[in-house]
Amino acid sequence: MKKEKLFPDYVFESSWEVCNKVGGIYTVLSTRALTLQKKLPNRLFFIGPDCTKETDNIYFTEDKTLFAEWRSQAKKDNLSVRIGHWNIPGEPIVFLVDFEPFFTQKDEIYGKLWEDFQVDSLHAYGDYDEASMFSYAAGRVVESFYRFYHLDHKRVVYQGNEWMTGLGLLYVRKHLPQVATIFTTHATSIGRSIAGNNKPLYRYLSAYNGDQMACELNMQSKHSIEKQTAMNVDCFTTVSEITAQECRELLDKPVDVVLPNGFEPDFVPVGTTFSTKRRAARQRLLQVASALTGCEFDDDTLIVSTSGRYEFRNKGIDLFIESMNRLRHDSRLNRQVVAFICVPAWVFSPRQDLADRLKAVGSFSTALDQPVITHWLHNMNEDRVMGMLRYLDINNRSGDKVKIIFVPCYLTGDDGIINKPYYDILLCNDLCIYPSYYEPWGYTPLEAIAFKVPCITTDLAGFGQWVNSVYGRNAELEDGVKVVHRSDYDYNEVADSIKDSVLGFSKMGHAEVRKCREHASLLSTKAYWSRFITYYEEAYDVALRKTVERR
């Protein structure tokens, strides 16, 4: 007979991205919170870094009445914690902890970490110390709260995301063995580094030694904390099957449960709001393209884009540019295409000449200088996107049917040029392209299809593999997502495949496009958190059963 799953009475979950929107983990946690909050009302606690201290944090609302009696104890435990709610659906309770006071104890903390778990912190550099002191503080918060409220007879789970939470997980594992610990790596530090250093990751994955590669790539400390955390928690998890293989080979530890990333559809506009925002965003992007290039673009112009973190090879930005360049030279293309690269870079300022043109009335017959970029950069000559555009002689000439425009700013709605938020820009696309080489999951294509935008991705992305598993075959654009096969050595074939897919899409009639959009939207519903939360319930069960054994 199947055992009933154990479910926690309390869940603590920490991440550097709690109330701190710097990457994809923010999206994972903030969209999942509502589903978990319904299952654990006021017993779900997120722990994040207090990066803003007493200044305003738009993602956080402090509530000084929450756990007022524990605050005094936290101070006695030398913890500086602000308590309130995360300003997201579900409004879960959040503890923002000031970790800076622990820097004075850093060497002692690292010494104990070596004694207890053989974690090598000697080679630390960059963000290692900051992340580790936050992680230690988060573990101390869990300990203080647990002891103050006498939770010994409750089922308590502490989950940490990424290597940055490893030290705290190990602290809890030692000092509160009755708390079930879960470690989720969203990408191994070594796997990302191998891929980012232009080394072939997949063909030689089984031959790589993670410890040896950590030495070669100067990643010993991050790799060490990640590996020892994976080895010592009650349940080790990651976000996709492709990253599970990476963990097994590079961390020498198979994962216990795969936790695919879902989302909630509450941020997708509906009805007339959807069509109004889409129309306004299309108009704005085409205005920007026209002002930059001096060319006119009608409403039949095909708008395509890529977006995400600026990892030139890992995110496939190089392949996006290459495929658009090949499309530019394809005589079969009979539509205007504007391809946007929406990837934040080292922005210096919005272009004043472009801003002036956008304010002016009428059209322009001449291009601006450097008509491929919307904002000036600090490092114009060293930037990799700009370098590749120069190398391929892409300068958005009037005769080019494909124009490529680099939007290197965060799309917050006040960047000085586009002046519309990312999700408004996303929904105005006809097609999105994410040809990733290294992508443990891939939120950008999932968000795209939620906004009814068909997209192209690869089977080296966890999301791409999931799409293929849904259909039981290699998905095509008619399904809402085209999943291109990619390996270590097929750059040219992938570029041609993407080019041909965009060409085929450009020739589709309105009815065919509408079906693609409908299928994209329908596919996104299969990734709701209401469906994927069952994987977390499995992880909780695995971790809690380990604590039962220890007791």
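In what follows, residues are counted from 1 in the order of the sequence shown.
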State plainly whether the residues K5 and E538 are in salt-bridge range, i.e. N to O under 4.0 Å.
no
R486 bridged to E493 by N-O distance under 4.0 Å
no
Hits for side-chain hydrogen bond (donor to acceptor under 3.5 Å, both in side chains) against S189, two or more places apart or cross-chain, chain-then-number order -> E226
For the residue pair F95 and F46, is the inter-centroid distance of their aromatic rings smaller than 6.0 Å?
no
Answer yes or no: is there a donor N or O on one side and an acceptor on the other, between the side chain of S224 and the main chain of D120, under 3.5 Å?
yes
Charged N to carboxylate O under 4.0 angstrom, E549 versus K546?
no
Is it the case that over 12 heavy atoms from other parts of the model lie below 6.0 angstrom from the CD atom of Q178?
yes
Is any side-chain heavy atom of W346 less than 4.5 Å from a side-chain heavy atom of D383?
no
May I ask you to check whether over 12 heavy atoms, not counting those of F532, lie within 6.0 Å of atom CZ?
yes
Does OH in Y125 sit with more than 12 non-hydrogen atoms of other residues, nucleotides or ligands closer than 6.0 Å?
yes
When you compare the side chain of V347 with that of L377, does any pair of heavy atoms fall below 4.5 Å?
yes
Measuring from atom CG of L29 to atom CG of N20, what distance do you get when rounded to the nearest 0.5 angstrom?
11.5 Å
Look at E322 together with K499 and state whether they make a salt bridge at an N to O cut-off of under 4.0 Å.
no
With no hydrogens and no angle check, is any side-chain donor or acceptor of R550 less than 3.5 Å from a backbone partner on P177?
yes
Quick one: are F45 and V11 in side-chain contact, heavy atoms under 4.5 Å?
no
By side-chain contact (heavy atoms from CB on, under 4.5 Å) - contacts of V470 (at least two apart):
W466, L523, K526
Ionic contact status for E143 with R147, cut-off 4.0 Å:
yes
Is a side-chain N or O of T547 found less than 3.5 angstrom from the main chain of A180, in a donor-acceptor match?
no
Can you confirm whether I404 sits close enough to L389 that some side-chain heavy atom of one is under 4.5 Å from a side-chain heavy atom of the other?
yes
Taken to the nearest 0.5 Å, the spacing of C235 SG from I182 CD1 works out to 5.0 Å
Show which side-chain atoms of residues 198-205 pair as donor or acceptor with protein atoms under 3.5 Å away, not counting sequence neighbours.
{"unit_1": "K199", "atom_1": "NZ", "unit_2": "E216", "atom_2": "OE2", "d": "3.1"}
{"unit_1": "Y202", "atom_1": "OH", "unit_2": "Y437", "atom_2": "O", "d": "2.7"}

Any side-chain donor near an acceptor of the partner, R326 and N492, under 3.5 Å:
yes
Between CD1 on residue I456 and CG on residue L319, distance to nearest 0.5 Å
11.5 Å
Return all side-chain donor-acceptor pairs below 3.5 angstrom for residues 248-262, not counting sequence neighbours, or 'none' if the list is empty.
{"unit_1": "D252", "atom_1": "OD2", "unit_2": "K227", "atom_2": "NZ", "d": "2.9"}
{"unit_1": "D256", "atom_1": "OD2", "unit_2": "F236", "atom_2": "N", "d": "2.7"}

So do the side chains of Q105 and M133 get within less than 4.5 Å of each other, counting heavy atoms only?
no
Taking atom OH of Y391 as the centre, does the number of heavy atoms from other residues, nucleotides or ligands within less than 6.0 Å exceed 12?
no
Between the side chains of Y434 and T306, is a donor N or O closer than 3.5 angstrom to an acceptor N or O?
no
For F406 together with F340, are the ring centres under 6.0 Å from each other?
no
Do any pairs count as a side-chain hydrogen bond (donor to acceptor under 3.5 Å, both in side chains) and have a residue in residues 8-18, sequence neighbours left out, and if so which ones?
E13-R32, E13-N161, S14-Y158
Nearest 0.5 angstrom please: Q465 CD to T243 OG1, how far?
8.5 Å
Please enumerate all residues that pass side-chain hydrogen bond (donor to acceptor under 3.5 Å, both in side chains) together with T188, with sequence neighbours excluded.
E246
For T458 and S436, indicate whether the former's side chain and the latter's backbone hold a donor-acceptor pair under 3.5 Å.
yes
Side-chain heavy-atom pair P421, L411 within 4.5 angstrom cut-off:
no
Do N314 and E311 have side-chain N/O donor and acceptor atoms under 3.5 Å apart?
yes
Does S80 have any side-chain hydrogen bond (donor to acceptor under 3.5 Å, both in side chains) partners at least two apart in sequence or in another chain, and if so, which?
none
Salt bridge (charged side-chain N to carboxylate O under 4.0 Å, His left out) partners of R545, counting only residues at least two apart:
D541
Quick one: does Q118's side chain have a donor or acceptor within less than 3.5 Å of a partner on W114's backbone?
yes
Please check this pair: side chain of T181 against backbone of D234, looking for a donor-acceptor N/O pair closer than 3.5 Å.
yes
Would you say the side-chain atoms of N429 pair up with the backbone N or O of L426, donor to acceptor, closer than 3.5 Å?
yes
Under the 3.5 angstrom rule, does the side chain of N468 hit a backbone N or O of A475 as a donor-acceptor pair?
yes
So do L167 and Y110 actually touch side chain to side chain, heavy atoms under 4.5 Å?
yes
Can you find a pair of side-chain heavy atoms, one from V94 and one from Y59, that are under 4.5 Å apart?
no
Less than 3.5 Å apart, any donor N or O on the side chain of S307 or T444 sitting next to an acceptor on the other?
no
Could you state the interatomic distance from CZ (F183) to CD1 (I225), rounded to the nearest 0.5 Å?
8.0 Å
Review item, side-chain donor-acceptor pairs of residues 21-28, under 3.5 Å, at least two apart:
{"unit_1": "Y26", "atom_1": "OH", "unit_2": "W86", "atom_2": "NE1", "d": "3.4"}

Ignoring hydrogens and angles, state whether a donor on the side chain of W163 or T229 is under 3.5 Å from an acceptor on the partner side chain.
no
Is a side-chain donor-acceptor pair under 3.5 Å present for H223 with D211?
yes
Residues that D98 engages under salt bridge (charged side-chain N to carboxylate O under 4.0 Å, His left out), provided they are two or more places apart
K53
Ring centres under 6.0 Å, that's the criterion: do Y171 and Y136 meet it?
yes
Would you say that more than 12 heavy atoms from the other residues, nucleotides or ligands in this model lie under 6.0 Å from the CZ of F7, or not?
yes
dist M324:CE -> L392:CG (nearest 0.5 Å) comes out at 12.5 Å
Can you check salt bridge (Lys or Arg N to Asp or Glu O under 4.0 Å) on D107 and K112, steps first, answer last?
CA-CA 9 Å; D107 292 342; K112 289 296 295 179; over 6 Å; no
Name all pairs fulfilling the salt bridge (charged side-chain N to carboxylate O under 4.0 Å, His left out) condition that reach into residues 160-189, sequence neighbours left out, sorted by first residue then second.
D116-K174
Does S135 reach the main-chain N or O of G168 with its side chain, forming a donor-acceptor pair under 3.5 Å?
yes
For Y208, enumerate each residue passing the side-chain hydrogen bond (donor to acceptor under 3.5 Å, both in side chains) test, keeping only those at least two apart in sequence or located in another chain.
none
